[in-house]
Amino acid sequence: QGCLRRSYRTATVCTTPTMKYKQWYQRRVRVTGIQLKYHKTPKSNAQKLENLAIALEFMSAEGINLTQMSNEDIMAGNVKLILGLVWMLIQKYHIQAEDAKRSMIDWIQVVVPEANIKNFTSDWNNGRALSSLVDICIPGAISDWNILDENNAVENITTAMQIAEEDLSIPALLAPDDMANPEVDELSIMTYVSCFNPQLLQNLLYWLRAKIPHRSIENLTLDWNNGVNLAHLVEALAPGAWDSLDTVSPDTAEENIRKGLS
């Protein structure tokens, strides 16, 4: 619960990159007088390169460090640079936090506390961490993840990645032997792990519906704003913890939420 609270305080979701792009484009046109040519359905490599150049120019204007990265690199499929770029975008627009890595660690520790994950390098080398994450998404898929042989790291990781790709449509963004490498690139693992978030959120929604089926939970946002569903969840998990659910009013949202988190 402490991890959840810390993540909630530090992380801010940004939903306006499209708006920022439009504002940037309008300013650029005013300053240069040049209309950028964006191809909605690029057919040639030249058109794709032009689109990538526009996107990179905007990212640079947003303060994203694109040193040693070009549209040609992306077109060529430079995996390391692309993974780094994806993570920078995640940091910029989805996990604007005091410490994005700390927030992700907090998230993982809440999801799979038994795995005792403390970093995005060595803790993922033997395949147990990834296997535990897959097993949370698909209960029973790798139920013996905690006793997997550390000496079969590449095999463990390969199995977990195959299940994630086949059953969760999560692409293997890095090779199993790369993840098993003690010097694995931290950003690569962070980017890959972040792909599990939508599935975990969906699983959480299913779990909530099972715990409080009478509340008709549809989402993880608006349905929780007034604290009423939180009160019902607390009572479902700890009977008697809430004095009287009949008196919980949506008009006392802050009080409801404060009591539910206490």
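These figures come from a predicted structure and were not determined experimentally.
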Legend entry - Approximate separation, where rounding is to 0.5 Å, of Asn229 CG and Ile257 CD1: 10.5 Å
Inset, instruction - Indicate the atoms forming the closest heavy-atom contact of Ile212 with His232, along with that distance. - result: CG2-O, 3.6 Å
Inset, instruction - With rounding to the nearest 0.5 Å, note down the distance linking CE in Met179 to CG in Asn126. - result: 11.0 Å
Inset, instruction - Calculate, to the nearest 0.5 Å, the distance between atoms CG and OG belonging to Asn146 and Ser132 respectively. - result: 9.0 Å
Inset, instruction - Specify the closest pair of heavy atoms between Thr247 and Ser244, including all atoms of both residues, with the distance to one decimal. - result: OG1-O, 2.8 Å
Inset, instruction - Only pairs at least two apart or in different chains count here, so list each salt bridge (charged side-chain N to carboxylate O under 4.0 Å, His left out) that has a residue in residues 186-208. - result: Lys101-Glu186
Legend entry - For Ala160, all residues meeting side-chain contact (heavy atoms from CB on, under 4.5 Å), sequence neighbours excluded: Leu130, Ser131, Val134, Ile142
Legend entry - Set of residues satisfying side-chain contact (heavy atoms from CB on, under 4.5 Å) with respect to Leu52, sequence neighbours excluded: Asn71, Ile74, Met75
Inset, instruction - State yes or no: do Val154 and Leu174 share one hydrophobic cluster built from I, L, V, M, F, W and Y residues joined by side-chain heavy-atom distances below 4.5 Å, directly or via other members? - result: no
Inset, instruction - Could you tell me whether the side chain of Leu173 reaches within less than 4.5 Å of the side chain of Cys195, counting heavy atoms only? - result: yes
Inset, instruction - Using atom types as modelled and distance alone, determine if a side-chain donor or acceptor of Asn156 lies under 3.5 Å from a backbone N or O of Glu150. - result: no
Inset, instruction - Spell out, as yes or no, whether a donor-acceptor pair under 3.5 Å connects the side chain of Gln109 to the backbone of Lys118. - result: no
Inset, instruction - Check whether any side-chain heavy atom of Gln47 sits under 4.5 Å from a side-chain heavy atom of Lys40, and report yes or no. - result: no
Inset, instruction - Check step by step if side chain to side chain contact (heavy atoms under 4.5 Å, CB included) holds for Arg102 and Ile105. - result: CA-CA 5 Å; Arg102 182 68 255 171; Ile105 290 291; 2.8 Å; yes
Inset, instruction - State, to 0.1 Å, how close Asn256 and Ser249 come at their nearest heavy-atom pair, and which atoms those are. - result: ND2-O, 2.8 Å
Inset, instruction - Locate the shortest heavy-atom distance separating Asp149 from Asn151; write the atom from each residue and the value. - result: OD1-N, 2.9 Å
Legend entry - Backbone N/O of Asp177 and side chain of Asn181: donor-acceptor pair under 3.5 Å: no
Inset, instruction - Please lay out, stage by stage, how Ile157 and Trp124 fare under the test side chain to side chain contact (heavy atoms under 4.5 Å, CB included). - result: CA-CA 9 Å; Ile157 295 169; Trp124 298 81; over 6 Å; no
Inset, instruction - Using modelled atom types only, decide if a donor and an acceptor are shared between the side chain of Ser60 and the backbone of Leu56 within a distance under 3.5 Å. - result: no
Legend entry - Pairing residues for Pro250 by the side-chain contact (heavy atoms from CB on, under 4.5 Å) criterion, not counting sequence neighbours: Asn226, Val228
Inset, instruction - Hey, could you give me each pair passing salt bridge (charged side-chain N to carboxylate O under 4.0 Å, His left out) that has a residue in residues 162-173? Not counting sequence neighbours. - result: none
Inset, instruction - Say whether, by atom type as modelled, one donor and one acceptor occur between the side chain of Asp223 and the main chain of Ile217 under 3.5 angstrom. - result: no
Legend entry - From Trp107 atom CH2 to Phe196 atom CZ, the distance as rounded to the nearest 0.5 Å: 8.5 Å
Inset, instruction - Mark yes or no for whether Arg128, through its side chain, and Leu148, through its backbone, hold a donor-acceptor pair below 3.5 Å. - result: yes
Legend entry - Hphob cluster co-occupancy, Leu200 + Tyr206, side-chain heavy atoms under 4.5 angstrom: no
Legend entry - No-hydrogen, no-angle side-chain donor-acceptor test under 3.5 Å, Asn203 and Gln199: yes
Legend entry - Nearest-0.5 Å distance that lies between atom CG in Leu245 and atom NE2 in His214: 7.0 Å
Inset, instruction - Walk me through it: do Ile138 and Leu168 pass the test side chain to side chain contact (heavy atoms under 4.5 Å, CB included)? - result: CA-CA 9 Å; Ile138 311 173; Leu168 301 175; 3.8 Å; yes
Legend entry - Nearest atoms (heavy-atom pairs only) where Ala153 meets Asn125: CB-O, 3.2 Å
Legend entry - Asn219 backbone acceptor or donor facing Trp224 side chain under 3.5 Å: yes
Legend entry - Worked check of side chain to side chain contact (heavy atoms under 4.5 Å, CB included) between Tyr192 and Ile170: CA-CA 8 Å; Tyr192 180 59; Ile170 297 175; 3.8 Å; yes
Inset, instruction - Could you tell me whether a side-chain N or O of Glu235 sits under 3.5 Å from a main-chain N or O of Trp242, the two making a donor and an acceptor? - result: yes
Inset, instruction - Could you tell me whether the side chain of Asp73 and the main chain of Ser70 form a donor-acceptor pair under 3.5 Å? - result: yes
Legend entry - Any residue meeting salt bridge (charged side-chain N to carboxylate O under 4.0 Å, His left out) with Glu183, in chain and number order, not counting sequence neighbours: none
Inset, instruction - For residues Val193 and Met104, report the shortest heavy-atom separation together with the two atoms involved. - result: CG1-CE, 4.3 Å
Inset, instruction - Quick one: pull up CG in Leu205 and CG in Leu220 and give me the separation to the nearest 0.5 Å. - result: 5.0 Å
